[in-house]
Amino acid sequence: MTNRLRQVESTLEVEGEVEIDDPETAMHLYRIAQQALNNAIQHAEPSHVVIKLQHVEEGFNLSISD
């Protein structure tokens, strides 16, 4: 999997002030992004993946697009 990761450019975009005080929430967001990135690489063969994280009123919005 690492060889495929090296062929994919990725960008992290953070909108606004994002502070995650809860370590469990931080770990969940990390694991979700990690799995989505792996899925994109495995199934879509993207050349570029964008990971966006923003704080919204009710929590966080995480999106991954290729």
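Keep in mind that what you see is a predicted model, and the values were worked out from it rather than measured.
Placement of V18 and I64 within a single hydrophobic cluster is found when ILVMFWY residues are connected by side-chain heavy-atom separations under 4.5 Å, directly or transitively.
Side-chain contact between L29 and I20 is present, with at least one heavy-atom pair separated by less than 4.5 Å. When side chains are defined from C-beta on, L62 counts as touching I51, because their heavy atoms get closer than 4.5 Å. Two residues are said to be in side-chain contact when any heavy atoms from C-beta on lie closer than 4.5 Å; E13 and V50 meet this criterion.
Partner V49 forms a side chain to side chain contact (heavy atoms under 4.5 Å, CB included) with one of L12, T11, L37 and no other, that one being L37.
A 6.0 Å sphere centred on CD of Q34 holds more than 12 heavy atoms belonging to other residues, nucleotides or ligands.
Closest approach of P46 and V8 over heavy atoms only: O-CG2, 3.5 Å. Scanning all heavy atoms of the two residues, the minimum distance from E17 to H55 falls at O-CB, 3.7 Å. Here the shortest heavy-atom pairing between E19 and F60 reads O-CZ, 3.8 Å.
Between the side chains of N39 and Q35, at least one donor-acceptor pair of N or O atoms lies under 3.5 Å.
Rounding to the nearest 0.5 Å places CE of M27 at 11.0 Å from CG of D22. Atom CD of E9 is separated from atom CG of D66 by 13.0 Å, given to the nearest 0.5 angstrom.
With sequence neighbours left out, the salt bridge (Lys or Arg N to Asp or Glu O under 4.0 Å) criterion links E58 to no other residue.
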